[in-house]
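Only one structure is covered here, and it is reproduced in the block below.
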Amino acid sequence: MAVALYLAMAAAVALLINGATSDGTSKYTNHTVGDSAGWFFNSTTNKTSTDYSAWAAKQTFNLGDYLIFNTITNQTVIQTYNKTTYDSCTMDDALDSDTFQYGGGSNKFGETLTISVPLTIESAQYYFSDADDGEQCQHGMAFEIKVGHGLGLPPSLNQPPPPPYAPPPVPADEEQSPPITVVTTPSNNGGMRDGASICWLVLLLVVMLSFLQA
């Protein structure tokens, strides 16, 4: 009886553990950065709209999740895997292979935009705004996260990069050199024959006139 009760309790605990684990990784999550505070910086007070490091510390990030930045064009969104770049608050010496800037493609200030950043690499990642020559980042417009495996990348984010562009092949007949037009000088033999015929005709007329006068 005691053994049966122990086995039943063990099974129940296992089910609870499995249920908790599956609940934590059963779906991908969109993380709205700063929650309702968004991704904003007040240049007058030099303060961010919230504590982004504290916000990030409460989240669990996994592959396939998204970071959603509700912001305006006065701020930037820089993603880097390089802590040195993160600590410098600037992209000036960053590499294209580990640091990326996201934006809405607008050069105007004050325009509202939403930026979605997929989490595609299982590692530590860093985010900041380098606007105002890095001053926003220096005043707290920055945070770091740790991306776990979770469910792994979904098929929509697990596609190989497209192959490099290659020009279409040229048809074989177009690869041949264009025909060369050869211009030849007409022969003078025909002209010589015509001249000889006229001479004989003139000579014949002279002979006939001489015969008539005689």
Side-chain angles (χ1 to χ4, degrees), residues 24-25 27-164:
T25 58
K27 62 180 181 179
Y28 299 102
T29 304
N30 291 336
H31 305 271
T32 301
V33 177
D35 294 325
S36 59
W39 181 248
F40 296 102
F41 184 83
N42 189 321
S43 298
T44 302
T45 60
N46 283 333
K47 291 183 178 180
T48 59
S49 57
T50 191
D51 186 334
Y52 296 107
S53 294
W55 168 84
K58 299 176 183 178
Q59 312 294 315
T60 300
F61 304 97
N62 288 306
L63 292 174
D65 290 353
Y66 276 82
L67 297 182
I68 309 299
F69 292 81
N70 293 320
T71 185
I72 57 176
T73 51
N74 298 51
Q75 282 78 58
T76 63
V77 175
I78 310 299
Q79 177 195 42
T80 184
Y81 302 97
N82 189 321
K83 193 174 188 304
T84 301
T85 299
Y86 174 69
D87 292 337
S88 70
C89 286
T90 179
M91 288 183 62
D92 290 347
D93 299 322
L95 300 176
D96 293 338
S97 58
D98 62 22
T99 303
F100 311 93
Q101 179 171 356
Y102 293 83
S106 174
N107 294 323
K108 298 181 180 179
F109 286 107
E111 288 191 350
T112 302
L113 73 158
T114 299
I115 298 173
S116 302
V117 180
L119 304 182
T120 60
I121 296 180
E122 187 177 350
S123 68
Q125 302 180 20
Y126 310 91
Y127 294 84
F128 64 95
S129 171
D130 69 343
D132 298 334
D133 296 325
E135 186 174 349
Q136 294 186 6
C137 170
Q138 295 166 8
H139 286 86
M141 199 79 168
F143 64 93
E144 59 182 282
I145 65 175
K146 175 69 175 179
V147 178
H149 186 78
L151 297 175
L153 285 177
S156 59
L157 294 177
N158 198 22
Q159 301 295 326

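Quantities reported herein were computed from a predicted structural model and do not represent experimental measurements.
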* So how far is it from S49 OG to M141 CE, rounded to the nearest 0.5 Å? -> 6.5 Å
* Is a side-chain donor or acceptor of T80 paired with a backbone partner of N82 at a separation under 3.5 angstrom? -> yes
* Counting N and O atoms only, with roles assigned by atom type, does the side chain of N74 sit under 3.5 Å from a partner on the main chain of G110, one being a donor and the other an acceptor? -> yes
* Structure fact -> Here the gap from K146 atom NZ to Q125 atom CD, rounded to the nearest 0.5 Å, amounts to 9.5 Å
* Asked: Does a side chain donor of either D130 or T90 reach within less than 3.5 Å of an acceptor in the other side chain?
  -> no
* N30: side chain to side chain contact (heavy atoms under 4.5 Å, CB included) partners, not counting sequence neighbours -> Y66, I68
* To do: Classify the angle between the aromatic ring planes of F143 and W55 as parallel (below 30°), tilted (30 to 60°) or perpendicular (above 60°).
  => perpendicular
* To do: Begin from the C-alpha positions of Q59 and I145 and carry the test side-chain contact (heavy atoms from CB on, under 4.5 Å) through to its verdict.
  => CA-CA 9 Å; Q59 312 294 315; I145 65 175; over 6 Å; no
* To do: Please name the pair of heavy atoms, one in P154 and one in Y28, separated by the smallest distance, quoted to 0.1 Å.
  => N-OH, 3.5 Å
* Mind listing the closest non-hydrogen atom pair of L153 and G64 along with its distance? => CD2-N, 3.9 Å
* **Crowding at CG, D133 (>12 non-hydrogen neighbours, <6.0 Å)** => no
* To do: Mind checking the CG-NZ spacing from D35 to K58? Nearest 0.5 Å is all I need.
  => 8.0 Å
Check residues 116-124 and write down every donor-acceptor pair under 3.5 Å in which the side-chain atom is one partner and the other belongs to a residue at least two apart or another chain.
unit_1 : atom_1 : unit_2 : atom_2 : d
E122   : OE1    : H149   : ND1    : 3.2
E122   : OE2    : H149   : N      : 3.4

* Asked: Given the rule in the side-chain contact (heavy atoms from CB on, under 4.5 Å) test, do Y127 and F69 qualify, once you have shown the distances and angles that lead to the verdict?
  -> CA-CA 11 Å; Y127 294 84; F69 292 81; 4.0 Å; yes
* Can you name the closest pair of heavy atoms from S88 and T85 and give their distance? -> OG-O, 2.8 Å
Can I get a per-line list of side-chain donor-acceptor pairs under 3.5 Å for residues 36-43, giving both atom names and the distance, sequence neighbours left out?
unit_1 : atom_1 : unit_2 : atom_2 : d
W39    : NE1    : T76    : O      : 3.0
N42    : OD1    : T44    : N      : 2.8
N42    : OD1    : T45    : N      : 3.2

* Qualifying ring-ring contact (aromatic ring centres under 6.0 Å, His included) pairs with a residue from residues 72-100, counting only residues at least two apart or across chains -> Y86-Y126
* Listed partners of K47 passing salt bridge (Lys or Arg N to Asp or Glu O under 4.0 Å), at least two apart -> none
* **Side-chain (T48) to main-chain (T50) donor-acceptor, under 3.5 angstrom** => yes
* To do: For the pair L113 and T73, evaluate side-chain contact (heavy atoms from CB on, under 4.5 Å) and give the outcome as yes or no after the intermediate values.
  => CA-CA 7 Å; L113 73 158; T73 51; 3.7 Å; yes
* To do: Please list all pairs passing the disulfide bond (SG atoms under 2.5 Å apart) test where one or both residues lie in residues 55-84, with sequence neighbours left out.
  => none
* Asked: Given L63 and V147, is the side-chain contact (heavy atoms from CB on, under 4.5 Å) satisfied, shown in steps?
  -> CA-CA 6 Å; L63 292 174; V147 178; 4.0 Å; yes
